[in-house]
Q: 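I'd like to ask some things about the structure below.
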Amino acid sequence: MRGTRTGVAILGSTGSLGRQALEVCEWFADTHRPVALAAGGNIRLLHDQIRRWKPEVVAVYRRSAARQLRQWLHAEGSTVKVLEGGEGLVEVARWENAEVVLVLVSGLAALAPLVAALRTGKKVGVGNKEALVAGGPALRQLLKTAPGALVPVDGEHSAIFQCLMGRRHEVDHVVLTASGGPFRDWDVGQLQRATPEEALAHPNWNMGPKISVDAATLMNKGLEIIEAMQLFDLRLDQVRVVVHRESVVHALVGLRDGTYLAQLGLPDMRVPLAYALTHPQRRELPIGRLRLEELGRLSFEPPDPDRFPCLQLARRAAELGGSAPAVLCGADEVAVRAFLDGRISFLAIARIISRVLEEHVIMKHPTLDQVAEHYRWAMHRAEQLVKEGDEEVRPCRPC
Ligand code: MG
């Protein structure tokens, strides 16, 4: 049953972005209805979401979790269809009654559903970075020719998207702003001893653990450089980064004649999520408003490549092109997980990624399947380096 409300599919509904997307759906309950949800394995939360939203279908990536959820739903007489595995996520991305698909899953698992959603001609909101970055030239080509509208959910890219409307041919370059993360004022000695708890305490944004660590290493901004190149068909030298502590200016677009257009607002992911749902319209949102007079000043400074080598590694991967960005993402995923698990030091994240990238033999034009293979190779190689655990990568134990 379609009804008059816009059907929404949310892939990654139990993650940080997915929960915020459902909050936005509460605000828009008169116009939008989540009809399809997908999650990795957090079936307790997904079960709550099913009770609240009564979607037509859900998918769970982890098969054992999908079976458990089916049992719970069966016991209470629910008729919600439960799909499983990667193919389940793809089916949710193509769900007929969903007119808007939000791809908010993190990591490589988003690639196949993203590609499927792009090919359907539906409107697609993308909050996943890894698939956009790793997808390489094949995905870039698909993004150029995709039948439906694509609306970025990543804050900076949503900002560029909004500034660019109708001006794509006038663009000289774009500027991504970076908060600098929780370690922006730390020296190398402090960074060496940085703990996962400290890395997760982001000063401005409310995000999941992987992206919070990426924000602390500035790899997040590095990935966003490649993401911008992919989304807006830009060269590496057309994407600049500036540290902006207040996270109020989300991005700028520099036009041919020297004019800059910027998008400003309080840092709140629900705003780009709402925009992806209502684009090209906007709706009133029940959130705080920016008051520049209370803020007083906005600051901008260049990033420090010595303390944050991940930014440089991402630029290197962008330069190499082809399969290199997929390798960058795969190695980063494993290194960040190892850091969160206390197996390697904070600075070892960059060392491991650098070594995996150096060893990789670039494939210039990988297919989407080959991209996934390179990604997994990088994960495997990074895991080996973590296990070898020479003193270069081991975490500092408190004396
Ligand atoms: Mg961002």
Side-chain angles (χ1 to χ4, degrees), residues 1-128 130-131 148 153 208 210 269-270 273-274 276-277:
M1 198 178 68
R2 195 180 203 109
T4 50
R5 289 180 293 169
T6 303
V8 183
I10 303 176
L11 289 96
S13 67
T14 58
S16 170
L17 275 180
R19 295 193 306 264
Q20 296 181 72
L22 284 171
E23 245 182 274
V24 174
C25 287
E26 292 276 5
W27 299 340
F28 296 173
D30 55 334
T31 51
H32 291 72
R33 184 170 87 89
V35 292
L37 303 174
N42 184 354
I43 49 170
R44 280 193 192 285
L45 182 53
L46 183 61
H47 191 209
D48 291 344
Q49 293 176 346
I50 292 168
R51 284 186 174 154
R52 164 66 188 87
W53 293 103
K54 303 181 177 54
E56 298 162 9
V57 64
V58 300
V60 182
Y61 188 74
R62 195 147 38 80
R63 293 180 196 279
S64 56
R67 282 194 292 275
Q68 175 68 67
L69 179 64
R70 264 187 220 111
Q71 283 174 9
W72 291 347
L73 291 171
H74 182 74
E76 58 200 48
S78 167
T79 54
V80 176
K81 186 170 177 180
V82 180
L83 306 168
E84 62 182 52
E87 69 277 16
L89 265 58
V90 166
E91 226 180 296
V92 162
R94 280 202 283 242
W95 194 249
E96 201 194 345
N97 288 344
E99 290 142 84
V100 185
V101 183
L102 297 179
V103 181
L104 311 177
V105 179
S106 69
L108 186 63
L111 185 59
L114 172 62
V115 168
L118 285 170
R119 286 183 176 146
T120 57
K122 297 177 193 288
K123 184 158 84 177
V124 184
V126 199
N128 170 289
E130 293 86 357
V153 168
K210 199 273 179 174
M269 287 311 294
R270 293 172 301 180
L273 283 163
L277 289 177

Q: Run the side-chain contact (heavy atoms from CB on, under 4.5 Å) check on Q49 and L22 step by step: do they pass?
A: CA-CA 9 Å; Q49 293 176 346; L22 284 171; 3.3 Å; yes
Q: Name the residue from L277, V100, N97 that meets the side chain to side chain contact (heavy atoms under 4.5 Å, CB included) definition with T6.
A: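 Answer to the side chain to side chain contact (heavy atoms under 4.5 Å, CB included) test with T6 among L277, V100, N97: V100.
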Q: Give the intermediate values and the outcome of side-chain contact (heavy atoms from CB on, under 4.5 Å) for residues V153 and M269.
A: CA-CA 8 Å; V153 168; M269 287 311 294; 4.2 Å; yes
Q: Quick test of your reading of the model: are E26 and R270 salt-bridged, counting only N-O distances below 4.0 Å?
A: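 No, this pair does not count.
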Q: Spell out, as yes or no, whether a donor-acceptor pair under 3.5 Å connects the side chain of H47 to the backbone of W72.
A: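 No, the answer is negative, given that no donor and acceptor are paired below the 3.5 Å cut-off.
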Q: Measure across A276 and G125 and return the closest heavy-atom pair with its distance rounded to 0.1 Å.
A: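 Answer, listing the atom of A276 first, then G125: CB-CA, 4.4 Å.
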Q: If I compare all heavy atoms of A21 with all of I10, which pair ends up nearest, and what's the gap?
A: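 Scanning both residues, the minimum pair turns out to be CB-CD1, 4.2 Å.
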Q: Identify the heavy atoms of A39 and L89 that sit nearest to each other, and give their distance.
A: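 In terms of heavy atoms, the two residues are closest at O-CD1, 4.4 Å.
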Q: What distance do L11 atom CG and L17 atom CG have between them, rounded to the nearest 0.5 Å?
A: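 Result: 12.5 Å between the selected atoms.
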Q: Step by step, work out the side-chain contact (heavy atoms from CB on, under 4.5 Å) result for L114 and N128.
A: CA-CA 9 Å; L114 172 62; N128 170 289; 5.7 Å; no
Q: Mind checking the CD1-CD1 spacing from I50 to I43? Nearest 0.5 Å is all I need.
A: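 Between atom CD1 of I50 and atom CD1 of I43 there are 9.5 Å.
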Q: Taking atom CZ as the centre, does R44 end up with more than 12 heavy-atom neighbours from other residues, nucleotides or ligands that are less than 6.0 angstrom away?
A: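 Not buried by this count: 12 neighbours or fewer within 6.0 Å.
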Q: I need the minimum non-hydrogen distance between R19 and T14, along with the two atoms involved.
A: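 Residues R19 and T14, closest heavy atoms: NH1-O, 2.9 Å.
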Q: Can you tell me how far CD of E84 sits from CD of E91, rounded to the nearest 0.5 angstrom?
A: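 One gets 11.0 Å once the value is rounded to the nearest 0.5 Å.
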Q: From H74 NE2 over to T79 OG1, what is the distance, rounded to the nearest 0.5 angstrom?
A: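 Here the rounded value is 12.0 Å.
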Q: What do the steps show when you test W53 against S13 for side-chain contact (heavy atoms from CB on, under 4.5 Å), and what is the final call?
A: CA-CA 12 Å; W53 293 103; S13 67; over 6 Å; no
Q: To the nearest 0.5 Å, what is the distance between CG on L104 and CD on Q20?
A: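 Answer for the CG-CD pair, L104 versus Q20, is 10.0 Å.
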Q: What's the separation between atom CD in E99 and atom CZ in R5, rounded to the nearest 0.5 Å?
A: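 Those atoms lie 11.5 Å apart.
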Q: Which atom names give the shortest non-hydrogen contact between A65 and V60, and what distance separates them?
A: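 Minimum heavy-atom contact is CB-CG1, 3.8 Å.
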Q: Could you give me the CA-CA distance, side-chain angles and deciding distance for R52 and E23, then say whether salt bridge (Lys or Arg N to Asp or Glu O under 4.0 Å) is met?
A: CA-CA 12 Å; R52 164 66 188 87; E23 245 182 274; over 6 Å; no
